[in-house]
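Here is how names work: the chains are called A, B, and so on, in the same order as the sequence lines, proteins then strands, and each is numbered from 1.
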Number of protein chains: 2
Amino acid sequence: MTHNNPPFPSADHDHKHCVSHALKNAEAYCQQQGLRLTKLRHQVLELIWANHQPVGAYELLDQLTHEGRKAAPPTVYRALDFLMENGLVHRISSRNAYVGCSHAGHDHTAQFLICESCGQVAELDNAQIGSVIAKGANQLGFTVAQWTLEISGTCDQCKHRSQDE
Amino acid sequence: MTHNNPPFPSADHDHKHCVSHALKNAEAYCQQQGLRLTKLRHQVLELIWANHQPVGAYELLDQLTHEGRKAAPPTVYRALDFLMENGLVHRISSRNAYVGCSHAGHDHTAQFLICESCGQVAELDNAQIGSVIAKGANQLGFTVAQWTLEISGTCDQCKHRSQDE
DNA sequence: CGCATTATGTTACAATATAACATTACAGTA
DNA sequence: TACTGTAATGTTATATTGTAACATAATGCG
Ligand SMILES: [Zn+2]
Ligand SMILES: [Zn+2]
Ligand SMILES: [Zn+2]
Ligand SMILES: [Zn+2]
């Protein structure tokens, strides 16, 4: 399944669609790859997709507990490990937090826009950025295995919102 | 003071020169900006520059203690805060570790090459990367405040070294 | 079913970072 | 010089994030 690069999530977008899309996509992908998207992993993935803000592991742990599951830190970290290994979730290392992947199944590296005002995160998959980075590294004889790019700033809506005040 | 983009630090480079350059540069910069590069901060900066590998806060803490200073976590974190605020040190968030800045005084954002084999870090200041990132973000109406790029892989020397075996 | 494998539960702890308040050093000034 | 306000450091305690190690339960398969 292909879809074009999503813009920064707007305040009034149909987020239920984001969630159901992400979950169905994950189910299909795991099915196809012979991966076990267990109830716990599914539950964690759904919690992560509650919104477009990155969520901490211990916050997920609280929510799991409130949903009636017996959970301890390893519970959530193991689920996160599975989801990250299989490209369903990314870690935002500048925030020690986790966010659902918008391009699950595609082979890609992470590029994030993080709005400091509303806390939302958008994931890019800008090929130009990737190629410039690869080129810059290769010029120095460096072989790139992977990379992360975390861009902080202000999203379009928050800019306009602040103008209104 | 200007100098061209340093390559990945070679095994036989004159590292004493790196250290003295970084320290003198920091002293001059703080002098000029009216910042207080106290003994503690100077000491921490020197420890960070012991090599080109990122170092953890608690490792710095141990070394400070061995050097006879009474130190606790806040001691080192406060020094790190000062050094980071003033662009003398960067944090490698994917490793929870800190590394001396190679372009202190210049206004720049961080771009790192991290060798998974030898653990060394090289800091880039590739303008092309910067402009492509800014462009990609701006197209989505996103105003960039700052960003970090952490590239993992294998450096040139480690590649050759592994061929020799 | 019986067995091997994988996933989850459970307990304890490691590693990283900060809050809050006391004390000391410092710079400017009377 | 002593006084004084500010910035820096010391100190104690605790918050936050992440793992190790081993026990139990679920799953898939012959
Ligand atoms: Zn959404
Ligand atoms: Zn925003
Ligand atoms: Zn060096
Ligand atoms: Zn290397």
Specify the residue among Asn96(B) and Arg36(B) whose closest nucleotide of DNA chain D lies further upstream toward the 5′ end.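 Its nearest nucleotide lies further toward 5', so the answer is Arg36(B).
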OP1 or OP2 of dA17(C) under 4.0 Å from side-chain N/O of Tyr98(B):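 So the side chain of Tyr98(B) is within the cut-off, an N or O lying under 4.0 Å from OP1 or OP2 of dA17(C).
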Send over the distance from [X] [atom1] to [N] [atom2], rounded to a whole Å.
{"X": "Leu35(A)", "N": "dA7(C)", "atom1": "CG", "atom2": "C1'", "result": "14 Å"}
{"X": "Leu60(A)", "N": "dG18(D)", "atom1": "CG", "atom2": "C1'", "result": "14 Å"}
{"X": "Asn86(A)", "N": "dA7(C)", "atom1": "CG", "atom2": "P", "result": "10 Å"}
{"X": "Asp81(A)", "N": "dA20(D)", "atom1": "CG", "atom2": "P", "result": "10 Å"}
{"X": "Leu80(B)", "N": "dA8(D)", "atom1": "CG", "atom2": "P", "result": "15 Å"}
{"X": "His42(A)", "N": "dA7(C)", "atom1": "NE2", "atom2": "C1'", "result": "17 Å"}
{"X": "Tyr77(A)", "N": "dT10(C)", "atom1": "OH", "atom2": "C1'", "result": "17 Å"}
{"X": "Arg95(A)", "N": "dT16(C)", "atom1": "CZ", "atom2": "P", "result": "21 Å"}

Below 3.5 Å between N/O atoms, which protein atoms pair up with nucleotides 9-11 of chain D? Just atom names and distances, please.
residue: dT9(D); atom: OP1; partner: Thr38(B); partner atom: OG1; Å: 2.5
residue: dG10(D); atom: OP1; partner: Arg69(B); partner atom: NH1; Å: 3.0
residue: dG10(D); atom: N7; partner: Arg78(B); partner atom: NH2; Å: 2.5
residue: dG10(D); atom: O6; partner: Arg78(B); partner atom: NH1; Å: 2.9
residue: dG10(D); atom: O6; partner: Arg78(B); partner atom: NH2; Å: 3.3

Keeping the roles fixed (side chain from Gln157(A), backbone from Ala11(A)), state whether a donor-acceptor pair exists under 3.5 Å.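 Judged by distance alone, yes, a pair lies under 3.5 Å.
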Which part of the nucleic acid does Arg91(A) contact within heavy-atom distance under 4.0 Å: base, sugar-phosphate only, or nothing?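 Contact class for Arg91(A): sugar-phosphate only.
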Decide if the gap between the ring center of Phe112(B) and the ring center of His90(B) is smaller than 6.0 angstrom.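 For Phe112(B) and His90(B), the ring centres are under 6.0 Å apart.
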Taking the six-membered ring for Trp and the full ring for Phe, Tyr or His, determine whether the centres of His52(A) and His13(A) are under 6.0 Å apart.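 Yes; His13(A) has its ring centre under 6.0 Å from that of His52(A).
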Distance criterion of 3.5 Å, no angle test: do you see the side chain of Tyr58(B) paired donor-to-acceptor with the base of dA17(C)?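 Checked by distance alone, the answer is yes.
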From Leu60(B) CG over to Tyr77(B) OH, what is the distance, rounded to the nearest 0.5 angstrom?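 Here the interatomic distance stands at 9.5 Å.
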With rounding to the nearest 0.5 angstrom, report the CD to CD distance, Gln139(B) to Gln128(A).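 It is 7.5 Å, given to the nearest 0.5 Å.
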Side-chain donor-acceptor pair under 3.5 Å between [X] and [Y], yes or no?
{"X": "Glu67(B)", "Y": "Gln43(B)", "result": "yes"}
{"X": "Ser152(B)", "Y": "Gln146(A)", "result": "no"}
{"X": "Ser93(B)", "Y": "Ser93(A)", "result": "yes"}

Describe, as an angle rounded to 10 degrees, how the axis at the first end of the helix from dC1(C)-dG30(D) to dA30(C)-dT1(D) is tilted relative to the axis at the last end, five pairs per end.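 Overall, the helix from dC1(C)-dG30(D) to dA30(C)-dT1(D) bends by 20° from one end axis to the other.
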Answer whether the closest heavy-atom distance between the side chains of Leu124(B) and Leu140(A) falls below 4.5 Å.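 Result yes, sub-4.5 Å side-chain heavy-atom pair found.
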